[in-house]
Amino acid sequence: MKLAKKKPSAEIFTGSMADVTFLLIIYFMLTMAFSSTKGLDFQVPKEDPTRSEVQAEEAVFFQVRADGSFVVDNKPMPLEQVANYLRTKIDPGSNPPVISKPIILRPAPQAPYGAMMEAFDELRQVKTKLNLAKDLNITLPTQREVENVWGALGVLTP
Amino acid sequence: MLKFRHVGHRPDPYIPTASMADIVFLLIIFFVITYNIEVDKVQVQLPRTLIREDVPRESAYVSVDLQGVIRVSAGKETAVPVPSVEEVQSFAADVVARDPKHAFVVKADRGTRYQVVDRIIDALKQAKVQTIYLLSEQKTVEGEG
């Protein structure tokens with residue numbers, strides 16, 4: 001006599017699938033929330049051998065002092081007033097308005113990086129605030145450039 | 001008073017959960033696609049800005065913390081510390097040699113002295129990096145984030 005063999009059921013147990021996937025979701029959500037992947041972009045200007053002369057009076061000189069305060073064209077100025085000041089630098093007769101003068105952003109070596117970023121952010125917002133046709137020409141010379149190039153041209157003193 | 005007794009079949013209090021796995025899988029697919037692997041896990045207090053642009057995927061990272069420790073990553077591997085800024089320049093030159101348009105991200109604490117960041121930016125400029133992103137976090141209108 002043959003005994004009937006008990007056949008195992010051909011079902012894949014999926015009861016814990018939801019638990020596993022929920023754990024994965026929690027992991028992704030937590031790690032995404034803490035990662036910042038945005039910032040201020042800064043295009044490094046290409047070297048232009050045809051342009052060898054820069055007139056100091058053409059530029060707006062924006063300094064960030066070591067205490068985190070701001071000086072624009074040798075006048076202490078809170079950030080909120082920068083856009084209004086730059087309104088006076090709009091090219092005469094330009095319509096839509098354009099500021100073609102370069103803005104030289106020059107933070108002091110001891111200035112906090114956060115203050116420099118506040119200034120940079122404010123300058124980037126000027127286009128919207130003044131309805132300018134194009135972005136400001138913001139230059140961020142490094143200390144080496146100030147000493148080697150800009151200083152030689154008499155634009156800035158290091 | 002006549003009382004009616006419920007005689008019929010009473011339904012079980014059962015919540016169907018069969019579709020839960022499908023929904024959760026859809027969510028997982030969304031997170032996997034949009035997920036950015038954080039190559040640099042250094043915890044810093046980023047500066048706050050209103051204008052923020054998306055950093056391209058797999059950008060190279062140069063980070064500096066409050067102690068002045070500089071770390072670099074080409075974008076895929078975990079960031080490793082480098083002894084000096086000169087190393088940043090040779091690292092960046094190597095990355096640019098392979099891909100001249102490779103974007104670089106500078107991740108620095110808002111309290112860092114600017115001269116440290118200045119030297120890093122200068123090293124990147126000398127290595128002919130074309131686009132630099134200065135990593136920031138969102139500034140709220142009140143400015144207190």
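Residue numbers begin at 1 in each chain, while the letters A, B, ... track the order of the sequences.
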So which heavy atom on Ile132(B) is nearest to which on Val129(B), and how close?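 Taking every non-hydrogen atom into account, CG1-CG1, 4.0 Å.
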Any chance you could measure Leu124(B), atom CG, to Gln130(B), atom CD, to the nearest 0.5 Å?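 Answer for the CG-CD pair, Leu124(B) versus Gln130(B), is 12.5 Å.
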Report, in residue-number order, which members of residues 98-121 of chain B are under 4.5 Å from chain A by heavy-atom distance.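 Counting heavy atoms that sit under 4.5 Å from chain A, the residues of residues 98-121 of chain B involved are Val106(B), Ala108(B), Asp109(B), Arg110(B), Thr112(B), Arg113(B), Tyr114(B), Gln115(B), Val117(B), Asp118(B), Ile121(B).
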Do you know which of Pro107(A), Ala111(A), Ala115(A), Ala66(A) has the most heavy-atom pairs under 4.5 Å to chain B?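 Answer, by heavy-atom pair count under 4.5 Å with chain B: Pro107(A).
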Residue, of Pro109(A), Gly68(A), Pro112(A), Gly114(A), that accumulates the most heavy atom pairs under 4.5 Å with chain B: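 Result: the option with the highest number of such pairs is Pro109(A).
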Show which side-chain atoms of residues 80-93 of chain B pair as donor or acceptor with protein atoms under 3.5 Å away, not counting sequence neighbours.
from, atom 1, to, atom 2, distance (Å)
Ser84(B), OG, Glu86(B), OE1, 3.2
Ser90(B), OG, Glu87(B), O, 3.0

Mind checking what makes side-chain contact (heavy atoms from CB on, under 4.5 Å) contact with Arg87(A), not counting sequence neighbours?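 For Arg87(A) the side-chain contact (heavy atoms from CB on, under 4.5 Å) partners, ignoring immediate neighbours, are Asn84(A), Ile90(A), Leu130(A).
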Given a strict heavy-atom distance threshold of 4.5 Å, which part of Ala108(A) is in contact with chain B: side chain, backbone, both, or neither?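 Contact with chain B: backbone only.
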Please look at Met117(A) and chain B and tell me whether the side chain, the backbone, both or neither of the residue comes under 4.5 angstrom of a heavy atom of that chain.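 Both backbone and side chain.
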Using side-chain hydrogen bond (donor to acceptor under 3.5 Å, both in side chains) as the criterion, list what pairs up with Ser59(B), not counting sequence neighbours.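 Result, side-chain hydrogen bond (donor to acceptor under 3.5 Å, both in side chains) vs Ser59(B): none returned.
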Is any side-chain N of the basic residue among Glu145(A) and Lys125(B) closer than 4.0 Å to the acidic one's carboxylate O?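 Salt bridge: yes.
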Report yes or no: do Phe22(A) and Phe30(B) belong to one cluster of Ile/Leu/Val/Met/Phe/Trp/Tyr joined by side chain heavy-atom distances under 4.5 Å?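 Yes.
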When you compare the side chains of Asp121(A) and Thr49(B), does any donor N or O come within less than 3.5 Å of an acceptor on the partner?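 Per modelled atom types, Asp121(A) and Thr49(B) side chains form no pair under 3.5 Å.
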Residue Gln45(B) versus chain A: region with a heavy atom under 4.5 Å: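 The answer is neither part of Gln45(B).
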